[in-house]
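Just so it is clear, the values below take in all heavy atoms, side chains as well, and ignore hydrogens, waters and symmetry mates. Convention: sequence-line order gives letters A, B, ...; per-chain numbering from 1.
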Amino acid sequence: MTLIEEKTEDSDRDPEVILSVRNLRTYYPVLGGLFRRKIAEVKAVDGVTFNLYNKETLGLVGESGCGKTTIGNTILNLVSAKSGEIYYKGVRIDNNFTNDLRKKIQMVFQDPDASLNPRWKIVNIIGEPLRILERMKKTREIRKRVLELLETVSMKMEHLDRYPHEFSGGQKQRIIIARALACNPEIIILDEPTSALDVSVQAQILNLLKDLQRKFNLSLLFITHDLSVVQHVADRIAVMYLGKFVETGTIEEVFYNPTHPYTRALLSARPTFDPTTKTSRVILEGDVPSPINPPSGCPFHPRCPKYLEQGKSMACSEDVPKKIHLGGEHYIWCNQTK
Amino acid sequence: MEKKNTQQEIEEEIKSKGKDNIIKKIFSWILKNVKFLLIPASRLEELSIRQIEYEKKISKRKFIRRMKSTLTIFGMLLIFFIVTIAVFAPWFSPYTFDVLVGIAPGNYDPPSPAHLLGQGRLGRDILGRIIYGARASLTIALPSILFSLIFGVIFGVIAGFYGGWADSIIMRIMDILLAFPGLILAMVFIAMWGQHMEYIMLAYGIIGVPYYSRLIRSSVVQSRDLPYVQAAKVTGAGNWRIMFKHILPNCIQPVIISFTFDIGGIILSLAGLAFLGFSDPQLIEWGNDIADARLHLYEAPWGAFWPGFMILLAVLGFMLLGDGLRDALDPRLRNIYGAKKKKRKKGKKEENDSYEKK
């Protein structure tokens, strides 16, 4: 039961595609009962296919628990995929993740406080990938390179020998970005890099990321639940619901012409600047179903306003949603063809 | 921070910089710093507030500096004292070893000029015996604790990090070891191999392993899934590196504390062994002396008091050192220099930031 049968792009040949994910499924086992047997599976990512182009920013949006972070972790092999393929420049990487790949694909974590080892100095934290991946041995070399990296994220020499607790949240996030940049990566997976920061610092970090992207030709996979952040940084966007994509497209296509009912509801829930404009807010009923036992057919159908209004069609509750091309890069996964 | 007026001046400066040789630099540095070398604290006046704060922070970041609390130094001095008398026992002791294990007139006699702290069983000099006793107590207690510490930490970290089957197997073995009382195991070892020091040490070492491994396992399980461990995986760190360089330093605190507590316990359990008769009469040892003098507490309290006092000093020294070590190993603890500075830190930090922006 695959979600998408046909390959839309011939990704293996396309030089613009730097990272390609095909039919990715990542399930977490639920242990329980006597002897902690596997009694069920959380279908965190359930058949996801996308391409990350060179030098672009792909925003991955969705509510909590829909599997955004799991996609990032699966690409970096922190959790292993159940099925599906991941290609980096046409080479399959999900079954053979080497240290050379770690140089090229790096990650920035969500919580800047917890993702720096509190017992280590900054120079050691940023120097660790240099030591392991670049096999630098001399302390002076490492210090020099770490200083360069700190300067690219606009920090200073005196920060080298400090401990993480001596920094503010924004500075910590800069340090984490510097660590990710240490080995000249090509892809950085940003796992909600701004959600732990306040708004002014968010803007600084986002602008820093944009500058760095231009400077080092990075491709960014930007995982977030913050729609305004995504609108600010991303070129393309993919909306997720319960481990599956519901709509992908460029920022303009998705934000000005949201087609999938879920995307519409999500976008209408955004806070607006002008309180006088009356938005037709779509309010969804019910809660997100459990990913352990997702609804049959389209996972969104029990809450879908279209499904509930226009007579409960059998297609929604039984068939897997079809991928519909709306022109340009814009795709939705829906059974309501109208 | 003067602004350069013209482009030419800047160019000249760049040219002259290249010509600077090392001798000139050293000479100018000495000239510049003569004042600071001769007049104490004048250097601090010269520096800006931000630099003063920075230098203070640097000194706090150094490990040795962080050990600099009064109690820690006191603990170090105690340990130094005990180690010194252990190493140089023949020089400090008023009597030779043979006299101290021999028989002399004056069973439990009070202090006298010839025997400053009094005499113990069979007329042995107490001062000499507590000086020589430092040797046996330290050489038995420290290696056996180090044995249990090293193996306990290794097994605990492995069990906690890998989880699953490794965890089950290691922890069940530890549970089995927990079932042995230390004294009985030591007696079994003595019965099997005779009264050798190494086997007594080994017995107590083995008994300590499960305590340490349980302690460390619980902390490792907690910090195994923290984001900095994930981040270390992303930077390509191997499992051993993650276990012993990332997780272990963050979990070592309870182990250090129980390490310092256990030293006293081991010294005393040697006394228990001696009490049961499994002791070498040729061995001078504090616990043994206490056990002997216990019967004469009312007539001759000095017989038990002085060895007990030495055990107290040893345990106190290790506990104070352990406390200081624990504080120094945690860079987050900033209260080593008193709480006043902590309160003022916020204001200073703003100054720093405003300066940095220039």
Looking at A/L133 and B/G236, what are the two nearest heavy atoms and their distance? CD2-CA, 4.3 Å

Taking A/L116, A/D113, A/L101, A/I105 one by one, which has the highest count of heavy-atom pairs under 4.5 Å against chain B? A/L116

Under 4.5 Å heavy-atom distance to chain B, tell me which part of A/L78 shows up: side chain, backbone, both or neither. side chain

Supply the atom-to-atom distance B/I247 CD1 to A/R119 CZ, rounded to the nearest 0.5 angstrom. 13.0 Å

Which pair of non-hydrogen atoms, one from A/W120 and one from B/K245, has the smallest distance, and what is that distance? NE1-O, 3.1 Å

Those residues of residues 222-235 of chain B, ordered by number, that approach chain A below 4.5 Å (heavy atom to heavy atom): B/P227, B/Y228, B/Q230, B/A231, B/A232, B/K233, B/V234, B/T235

Give, as side chain, backbone, both or neither, the part of A/N117 having an atom under 4.5 angstrom from any heavy atom of chain B. both

Would you say OH of B/Y211 has more than 12 non-hydrogen atoms from neighbouring residues, nucleotides or ligands within 6.0 angstrom? no

Heavy-atom closest pair, residues B/A237 and A/E128: CB-OE2, 4.0 Å

Do any pairs count as a salt bridge (Lys or Arg N to Asp or Glu O under 4.0 Å) and have a residue in residues 160-175 of chain B, sequence neighbours left out, and if so which ones? B/D167-B/R217, B/R172-B/D175, B/D175-B/R214

Can you tell me if B/F151 has over 12 outside heavy atoms packed within less than 6.0 Å of its CZ? no

